[in-house]
Participant: 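Got a structure for you, questions after.
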Amino acid sequence: MRQYPELTVFITLAIGFATGKIKIGSFSLGPVTGVLLIGVLIGQLKFDISPTVKSTFFLLFLFAVGYGVGPQFMHSLKKEGLPQIAFASIICIICLAVSWVAAIIAGFDIGNAAGLLAGANTISAVIGVSSDMIGQLAIETEEKRKLINEIPVAYAVTYIFGTAGTAWFLSYVGPKMLGGNIVERCKEYEKTLGGSIAEEDPALEPAYEGAVFRAYELNQDYFTKERTVLELESLLVQKDWPVFVDRIRTKEGKIIDNITPDMLLYKGDSVLLNGPVDTLLKDEVLIGTEVYDLELISNFRVEVLKVTVKNKEIAGKSLQELKSFRERQGVIIRNIERSGTAIPLLPGVKIQRGDVIELEGPRENTERFASLLGFIERPTNITDILYVGLGIFVGGILGSLTVHINNVPFSMSVSGGVLIAGLIFGWIHSLRPSFGSIPGSSLWLMNNLGLNVFIAIVGISAGPDFMAGLKASGISLFLAGIVISIIPMFIGLLLGRYVFKFHPGITLGACAGSRVTTAALGAVLDVTQSRIPALSYTITYAVGNTLLIIWGVVIVLLMS
């Protein structure tokens, strides 16, 4: 392994991921902490791995992070997203300030301060960004090595409470600080978004359940004279929930699929209707007899598509408003993801640019509606490497530029520049999805492989000094980590309730998102029994993931 140190990295990844999956109750270390600890253990044997490998994979990870949150971050810079952006920015500033003050009070140096910020706030990327910044300081090489090796020690000591403690605090203490009755209050908020439709009137379909198909023979007097498809649909529409004619079987037996509004219907024809259950149940009185026509009902193929919302006219529309679009005819909305997080599918929930919507329906209908929404994401395994390589290069060059003020160097650092480039390139792709594509599976690999190879090498390199640092500062680091993890969340709950006056569910989601703690979101969703917190998690996660990583540069400057 000393002769081929690259093998050391892969065995660290394998055992680290396995360790991270081990659960104690509902808690697990996760892959990053598992890889770090196994790297430290293997690093006791003193392997020498090129730091260039570490930096390369870390830049790949940072670009993927920026690319993933860029669309949501940029598109949220609008009036309706500003309160949540302001909230997340304040929380991130508090996280930085508390980490800095705690480090000063405890007498920690730059390395421990950066590790505290990374672990207590569960933002692994700070390890790389702060290490990069320490490397630019005008100090001895040996001192740089010592400070950089302290970062993973502080991170490992504080990360566990940073994750589990934050999840416990937001899910157990948070509801009490926000006035209690969190489940009932989230249900009430869902009603304002149309969530009460299915509960109050079982006959109505929620906006997201889409199509219900029934076949009818047109034999009522209304069809004594021929009628157009548009006339029939206008007759049946109720409560802004339209009914569409999806297929026609003429009285001669011919089935017609490509329906147009001006197409004529005659007495004796059969139609396949798609719409709300309550309306369809009344159709027999209005238009004719329901029939069992298996070929008409089921002998057509459906398509599942994912589409990225690009159309400005669609952004801001609610799911219920989308129901009234003619292009929506026969199409089910199966799922909506915002920054990788599924949001609640309630009629009042509004669509944003950059949302990824999963559609299902007859192929012609689905592609028509997808074209209206934005860009169809065809299944592909091809990543635009030109886009990735150019983005990392340009971001790294800009980030490396340094400005000296009173002989003090200021720069974003290479890693900070790559993160910003990822944000911009991801946003550009959301506006022009025809180029710069990175499939979800590729983005996952860039995120996870990039970060964990970096963490593995960090652990292996810091291994020999890890135990000494743990013995010297372990208890004080752990206590400082508790303070740094809890204080921003405590202040955040108060800000959300009394200053921003958010709904309790929105406040909980915003706190979890600002701290980029997915485990906390999961705990909050469980305790609220609702997906309402996910609505605020997406914007605040994008802001928090950006600012907290940049704080890796700032904490080094503050401490130095």
Participant: Is there a side-chain contact (heavy atoms from CB on, under 4.5 Å) between I11 and M1? Walk through the geometry before answering.
Facilitator: CA-CA 10 Å; I11 192 62; M1 289 170 69; 4.0 Å; yes

Participant: Rounded to the nearest 0.5 Å, how far does CD1 of I460 lie from CD1 of I38?
Facilitator: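 That separation rounds to 10.5 Å.
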
Participant: Without swapping roles, check the side chain of T33 against the backbone of G30 for a donor-acceptor pair under 3.5 Å.
Facilitator: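 Flag not set: sc T33 to bb G30 has no pair under 3.5 Å.
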
Participant: In Å, rounded to the nearest 0.5 Å, how long is the span from CE of M559 to CG of L137?
Facilitator: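 With rounding to 0.5 Å, CE (M559) is 11.5 Å from CG (L137).
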
Participant: Side-chain contact, heavy-atom cut-off 4.5 Å: T538 with Y541?
Facilitator: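 In short, these two side chains do not touch, never coming nearer than 4.5 Å.
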
Participant: Using every non-hydrogen atom in the two residues, find where V126 and A118 come nearest and quote the distance to one decimal.
Facilitator: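 Smallest heavy-atom distance, with atoms named: CB-CB, 3.7 Å.
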
Participant: Short question: side chain of S530, backbone of I532 - any donor-acceptor pair under 3.5 Å?
Facilitator: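 Here the side-chain-to-backbone pair exists.
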
Participant: What closest approach, in Å, do R2 and K46 show between heavy atoms, and which atom pair accounts for it?
Facilitator: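 Shortest heavy-atom separation between R2 and K46 comes out as NE-O, 3.5 Å.
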
Participant: Minimum heavy-atom separation for M446 and A64, please, with both atom names.
Facilitator: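 Closest approach of M446 to A64: CB-CB, 3.7 Å.
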
Participant: V453 and F58: side-chain contact (heavy atoms from CB on, under 4.5 Å), yes or no, with the steps?
Facilitator: CA-CA 8 Å; V453 168; F58 185 63; over 6 Å; no

Participant: Determine the interplanar angle of the Y172 and W168 rings, folded into 0 to 90°, and report it as parallel if under 30°, tilted if 30 to 60°, perpendicular if over 60°.
Facilitator: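 It falls in the parallel class, under 30°.
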
Participant: Can the ring centroids of F425 and Y387 be said to lie less than 6.0 angstrom from one another?
Facilitator: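 Yes, close enough.
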
Participant: Determine whether V35 and T19 satisfy the following criterion, side-chain contact (heavy atoms from CB on, under 4.5 Å), listing intermediate values before the conclusion.
Facilitator: CA-CA 8 Å; V35 167; T19 303; over 6 Å; no

Participant: Pairing donors with acceptors under 3.5 angstrom, does anything connect the side chains of D132 and S415?
Facilitator: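 The answer is yes; a qualifying pair exists.
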
Participant: State the CD1-OG distance between I148 and S131, to the nearest 0.5 angstrom.
Facilitator: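 Reported value, rounded in 0.5 Å steps: 5.0 Å.
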
Participant: Using 0.5 Å steps for rounding, measure from the CG atom of N545 to the SG atom of C92.
Facilitator: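 Rounded to the nearest 0.5 Å, the CG-SG separation comes to 9.5 Å.
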
Participant: V394 versus I397: any side-chain heavy-atom pair under 4.5 Å?
Facilitator: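 With C-beta onward as the side chain, the pair stays apart.
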
Participant: Show, in sequence, the C-alpha distance, side-chain angles and deciding distance for V53 and V9, and conclude whether the side-chain contact (heavy atoms from CB on, under 4.5 Å) test is met.
Facilitator: CA-CA 10 Å; V53 178; V9 175; 5.9 Å; no

Participant: Suppose we call two aromatic rings close when their centres sit under 6.0 Å apart. Are F57 and F454 close by that rule?
Facilitator: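 No, they do not, as the ring centres are separated by 6.0 Å or more.
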
Participant: What's the spacing between F502 CZ and L535 CG if we round to 0.5 Å?
Facilitator: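 With rounding to 0.5 Å, CZ (F502) is 12.0 Å from CG (L535).
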
Participant: Does some side-chain heavy atom of L60 sit less than 4.5 Å from a side-chain heavy atom of V388?
Facilitator: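 Yes - at least one pair of side-chain heavy atoms lies under 4.5 Å apart.
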
Participant: If we ignore hydrogens and angles and just use 3.5 Å, is the side chain of N452 paired with the main-chain N or O of L449 as donor and acceptor?
Facilitator: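 Pair absent, no side-chain N/O of N452 close to backbone of L449.
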
Participant: With a sphere of 6.0 Å drawn around CD of E6, does it hold more than 12 non-hydrogen atoms of other residues, nucleotides or ligands?
Facilitator: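 For E6, atom CD is crowded (more than 12 foreign heavy atoms under 6.0 Å).
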
Participant: Work out which heavy atom in A520 is nearest to a heavy atom in A512; give both atom names and the distance.
Facilitator: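 Heavy-atom minimum between the residues: CB-CB, 4.0 Å.
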
Participant: Less than 4.5 Å apart, any side-chain heavy atom of V543 and any of S89?
Facilitator: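 Heavy-atom side-chain distance check passes, below 4.5 Å.
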
Participant: A side-chain contact here means heavy atoms from C-beta on lying under 4.5 Å apart; do S485 and T158 qualify?
Facilitator: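 No; the side chains remain at least 4.5 Å from each other.
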
Participant: Assess whether atom CD1 of I475 is packed by more than 12 heavy atoms of other residues, nucleotides or ligands within 6.0 Å.
Facilitator: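 It does not: I475 CD1 has 12 such atoms or fewer within range.
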
Participant: What's the shortest heavy-atom distance between I151 and S130, and which atoms?
Facilitator: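 That would be CD1-OG, 3.5 Å.
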
Participant: For the residue pair T122 and T163, confirm or rule out a side-chain donor-acceptor distance under 3.5 Å.
Facilitator: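 No - no donor-acceptor pair under 3.5 Å links their side chains.
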
Participant: For F169 versus F490, what's the shortest heavy-atom pair and its separation?
Facilitator: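 Here F169 and F490 meet closest at CE2-N, 3.7 Å.
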
Participant: Just so I know, are the side chains of K54 and V458 near enough to count as touching, which here means a heavy-atom distance under 4.5 Å?
Facilitator: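 Counting from C-beta outward, K54 and V458 do come under 4.5 Å.
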
Participant: Does K310 NZ have over 12 foreign heavy atoms under 6.0 Å away?
Facilitator: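 Correct, the count exceeds 12.
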
Participant: Parallel, tilted or perpendicular, judged at 30° and 60°: which one describes the rings of Y189 and H503?
Facilitator: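 Rings of Y189 and H503: tilted, 30 to 60°.
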
Participant: Test your reading of the model: is there a side-chain donor-acceptor pair from R531 to the backbone of L525, 3.5 Å cut-off?
Facilitator: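 No; zero donor-acceptor contacts below 3.5 Å.
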
Participant: Where the side chain of N121 meets the backbone of L117, is there a donor-acceptor pair that is under 3.5 Å apart?
Facilitator: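 It does hold such a pair.
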
Participant: Other residues, nucleotides and ligands only: do more than 12 of their heavy atoms fall within 6.0 Å of NZ on K144?
Facilitator: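 More than 12 within 6.0 Å, yes.
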
Participant: Quick check: do I105 and V101 have side-chain heavy atoms less than 4.5 Å from each other?
Facilitator: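 They are in side-chain contact.
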
Participant: Any side-chain donor paired with an acceptor under 3.5 Å for T166 and R515?
Facilitator: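 Judged by distance alone, the side chains do pair up.
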
Participant: Backbone N or O of I438 within a donor-acceptor pair of the S442 side chain at under 3.5 Å?
Facilitator: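 It does not hold such a pair.
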
Participant: Measuring from L521:CG to T518:OG1, what's the distance to the nearest 0.5 Å?
Facilitator: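 Rounded to the nearest 0.5 Å, the CG-OG1 separation comes out at 7.0 Å.
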
Participant: With heavy-atom distances below 4.5 Å as the criterion, would you say the side chains of L419 and F61 are in contact?
Facilitator: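 Answer no - side chains too far apart.
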
Participant: Just one of E150, E143, E142 clears the side chain to side chain donor-acceptor pair (under 3.5 Å) bar with K146, so which one?
Facilitator: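 Of all the options given, the one that passes is E150.
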
